[in-house]
Amino acid sequence: MGLIAELEADFVTTDPDVLAGYRFDQAGFGTAGVPMALARPTETEEVVRILRVASRHRIPVVPQGARTGLSGGANAVDGAILLSLERMTRILDIDEINHTATVQPGVVNAVLSRAVEDKGLFYPPDPGSWESSTIGGNVATNAGGLCCVKYGVTSDFVRELEVVLADGRVLRTGRRTAKGVAGYDLVRLFTGSEGTLGVITEVTVALRPVAEAPLTAVAFFAAPPAACRTVTEYLSSGQRPSVLELMDKPTIDAVAAYRDLGFPDDVEAVLIAQSDRGPAAPRDLEAFAEVARSCGATEVLVASDRAEADMLIAARRLAGVAMEQLGDRLVDDVCVPRSRLAEFFEGVTAISREHDVLIPTCGHAGDGNMHPNVVFDAADPDSVRRGQAAFDAIMALGLRLGGTITGEHGVGMLKREWLETELGEVGVSVHQAVKQAFDPLGILNPGKVVRPLP
């Protein structure tokens, strides 16, 4: 093939069987094209070579990380080079004085977290897929996680980026200093751009001193609205939990079927709270228990040791795996103001009944980012239709409540039309102008996030 000959690279393959394994991310809906090649570089210079060839021949390029995304953002397009960064796995530097780490994009989140913990440091962003998702992918989607309620999302920790632009030029943007306002904030622009503006090849992130071992509490409720009231009242009292997660009855049932955690059978909602404030943590959880009981909790338990605390958090982290056993899923990630969480749950219940689909819902209640899982049967066209209709209805509900169509999973191809609804005409035109400025040939992840200019 001409491309292979031009690259003369052993990190590029056209093997159809290998390509087939890289065509999709983990989104439940969405199409994928047939790529022409897969490139798996290990160095920035190799990424530069790929993009120079792609730009010269106007070949589409689809950047990929671990493909744990849930929006189709890493799905192949016809004739594309799939640019997998999974082999760029080096931790380049851990700066114990300035509290930063510099890594290649293929470093797995959990690997970085454990490496800096050994130095007495802490990298807070922890998406549910942290054992497999990569830092590059986390940056590309501006991933969130369980700790976001206290520490913020990925963009709050990205200091500096190395990015290969569509034409092969290498841009370094941002700075390693704690402060800096020189020029436009391109770091924030690339963070969350889903590979449509450039290919991230190096990331410097901020770190924190390692947190205290957290204490954990769980509250059980007879209905989700009571749990939602607990969230708003607890946080309105000035508390800053490190985790505040909610699971509804269908989610609890799925987790219980996967692994028995000893939760009561008659529970309709569970709220899990953590505090990592050391000596102040017991007081934080006492306040949580008091608020939960005042809002109607049927029972509140505070973990007596680290093992019990880990088990409670495992219940939440197991939700995704447990729900895979229910069938095909469309995993939504609508985010609404915390004050409207109860309305959101009521709306999801109504959507479930209207479209006759099961929708287990869990998520990061502390920041209003919920994950309704629309369960359907991909082999049944009517089930697919009802599932898609329910998925769309949930996004419409989120927007009506003053929220957004995606809190952390990204737009990809799954939510592109809904992004246009959220942004409006002027917002779409600005996005298109930015895309045109960085990628005038439209070769970077085409068909994702925003439509090209006509």
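Note that the structure is a prediction, hence the values are computed from the model and not measured.
The side chain to side chain contact (heavy atoms under 4.5 Å, CB included) search around Arg416 returns Val411, Arg451, not counting sequence neighbours. By the salt bridge (charged side-chain N to carboxylate O under 4.0 Å, His left out) test, Asp95 pairs with no residue at all, sequence neighbours left out. Shown here are the side chain to side chain contact (heavy atoms under 4.5 Å, CB included) partners of Glu422, two or more places apart in sequence or in another chain: Leu399, Thr404, Ile405. Arg385 is linked by a side chain to side chain contact (heavy atoms under 4.5 Å, CB included) to Asp382, counting only residues two or more places apart in sequence or in another chain.
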side-chain contact (heavy atoms from CB on, under 4.5 Å) for Leu246 and Cys228? Distances and angles first, verdict last.
CA-CA 8 Å; Leu246 194 156; Cys228 295; 4.2 Å; yes
With side-chain contact (heavy atoms from CB on, under 4.5 Å) as the criterion, how do Asn373 and Leu330 come out once you've worked through the C-alpha distance, each side chain's angles and the decisive distance to 0.1 Å?
CA-CA 6 Å; Asn373 287 247; Leu330 268 169; over 6 Å; no
Verdict with supporting geometry, Glu245 and Leu271, side-chain contact (heavy atoms from CB on, under 4.5 Å)
CA-CA 6 Å; Glu245 297 286 305; Leu271 199 57; over 6 Å; no
Output, in order, the C-alpha distance, side-chain angles, deciding distance and verdict of side-chain hydrogen bond (donor to acceptor under 3.5 Å, both in side chains) for Asn109 and Ser133.
CA-CA 6 Å; Asn109 185 296; Ser133 65; 5.1 Å; no
Please evaluate residues Glu117 and Ser113 with respect to the criterion side-chain hydrogen bond (donor to acceptor under 3.5 Å, both in side chains), reporting the C-alpha separation (whole Å), side-chain torsions for both, the decisive distance (0.1 Å), and the verdict.
CA-CA 6 Å; Glu117 186 177 21; Ser113 295; over 6 Å; no
Please walk me through it: do Lys249 and Asp253 pass salt bridge (Lys or Arg N to Asp or Glu O under 4.0 Å)?
CA-CA 6 Å; Lys249 174 67 170 173; Asp253 289 344; 3.3 Å; yes
Tell me, with the steps shown, if Thr177 and Arg159 meet side-chain contact (heavy atoms from CB on, under 4.5 Å).
CA-CA 8 Å; Thr177 54; Arg159 289 275 184 86; 5.9 Å; no
Take Asp377 and Arg386, measure what salt bridge (Lys or Arg N to Asp or Glu O under 4.0 Å) needs, and give me the verdict at the end.
CA-CA 10 Å; Asp377 180 358; Arg386 288 184 285 108; over 6 Å; no
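Inspection of the Glu46 and Thr42 side chains reveals an N or O donor paired with an N or O acceptor under 3.5 Å. Between the side chains of Trp130 and Asn138, no donor-acceptor pair is found at a separation under 3.5 Å.
Side-chain atoms of Arg338 come within 3.5 Å of backbone atoms of Gly366 as a donor-acceptor pair (strictly under, hydrogens ignored). Within the 3.5 Å criterion, the main-chain N or O of Asp380 finds no donor-acceptor partner in the side chain of Ser383. At distances below 3.5 Å, not a single donor-acceptor pair connects side-chain atoms of Asp93 with backbone N or O atoms of Ala101. Without hydrogens or angle criteria, Asp126 side chain to Leu146 main chain gives a donor-acceptor distance under 3.5 Å. Under a 3.5 Å cut-off, the side chain of Asp328 and the backbone N or O of Val375 do not form any donor-acceptor pair. Looking at Asp333, its side chain does come within 3.5 Å of a backbone N or O of Gly407 through a donor-acceptor pair. With Asn445 contributing its side chain and Gly73 its backbone, the two residues share a donor-acceptor pair below 3.5 Å. Of the possible polar contacts, none joining the His355 side chain to the Ile351 backbone as a donor-acceptor pair under 3.5 Å is found. Side-chain atoms of Asp78 come within 3.5 Å of backbone atoms of Val34 as a donor-acceptor pair (strictly under, hydrogens ignored). Proximity of a side-chain donor or acceptor of Asp167 to a complementary backbone N or O of Arg169 within less than 3.5 Å is detected.
The shortest distance between side-chain heavy atoms of Asp367 and Val153 does not fall below 4.5 Å. Proximity of Glu408 to Asn369: side-chain heavy atoms (C-beta onward) are separated by under 4.5 Å at one or more points. Two residues are said to be in side-chain contact when any heavy atoms from C-beta on lie closer than 4.5 Å; Leu244 and His364 fail this criterion. Using a 4.5 Å heavy-atom cutoff, the side chains of Cys362 and Val255 are not in contact. Between Pro41 and Leu83, some side-chain heavy-atom pair lies under the 4.5 Å cut-off. Contact of the Val163 side chain with the Thr201 side chain is not registered, since no non-hydrogen atoms from C-beta on lie closer than 4.5 Å. With a 4.5 Å cut-off on side-chain heavy atoms, Leu70 and Asp25 do not count as touching. Using a 4.5 Å cut-off on side-chain heavy atoms (C-beta onward), Leu444 and Leu51 make contact.
The residues Arg90 and Glu43 are annotated as salt-bridged, a charged nitrogen and a carboxylate oxygen being separated by less than 4.0 angstrom. The pair Glu343-Arg400 fails the salt-bridge criterion, with no side-chain N (NZ, NE, NH1 or NH2) lying under 4.0 Å from an Asp/Glu carboxylate O.
Minimum heavy-atom separation, Pro60 to Gly79: CD-O, 3.8 Å. Taking each heavy atom of Ala66 and Ser132 in turn, the nearest pair found is CB-O, 3.3 Å. Across Gly398 and Val334, no two heavy atoms sit closer than the pair CA-CG1, 3.5 Å. Closest non-hydrogen pair, Pro35 versus Gly33, comes out as CD-O, 3.5 Å. Closest of all the heavy-atom pairs between Ile91 and Ala115 is CD1-CB, 3.8 Å. Nearest heavy atom pair, residue Leu82 against residue Ala76, reads CD2-CB, 3.7 Å.
Atom NZ of residue Lys435 and atom CD of residue Gln432 lie 11.0 Å apart, to the nearest 0.5 angstrom. To the nearest 0.5 Å, atom CG of residue Leu38 and atom CZ of residue Arg40 are 5.0 Å apart. Note: Phe344 CZ to Thr349 OG1 = 10.0 Å, rounded to the nearest 0.5 Å. For the atom pair Arg175 CZ and Glu160 CD, the distance stands at 8.5 Å (nearest 0.5 Å). Between the OG1 atom of Thr102 and the CZ atom of Arg176 there is a distance of 3.5 Å, given to the nearest 0.5 Å. To the nearest 0.5 angstrom, Gln104 atom CD is 7.5 Å from Glu202 atom CD.
When the options His409, His371, Lys415 are evaluated for a side chain to side chain donor-acceptor pair (under 3.5 Å) with Asp332, the one that passes is Lys415.
Side-chain rings of Tyr151 and Phe122 approach one another, their centers coming within less than 6.0 Å. Between Phe438 and Phe190, a ring centre-to-centre spacing shorter than 6.0 Å is recorded.
The side-chain hydrogen bond (donor to acceptor under 3.5 Å, both in side chains) analysis of residues 190-200, with sequence neighbours excluded, yields no pairs. Sorted by first then second residue, the side-chain hydrogen bond (donor to acceptor under 3.5 Å, both in side chains) pairs that include residues 63-72, not counting sequence neighbours, number zero.
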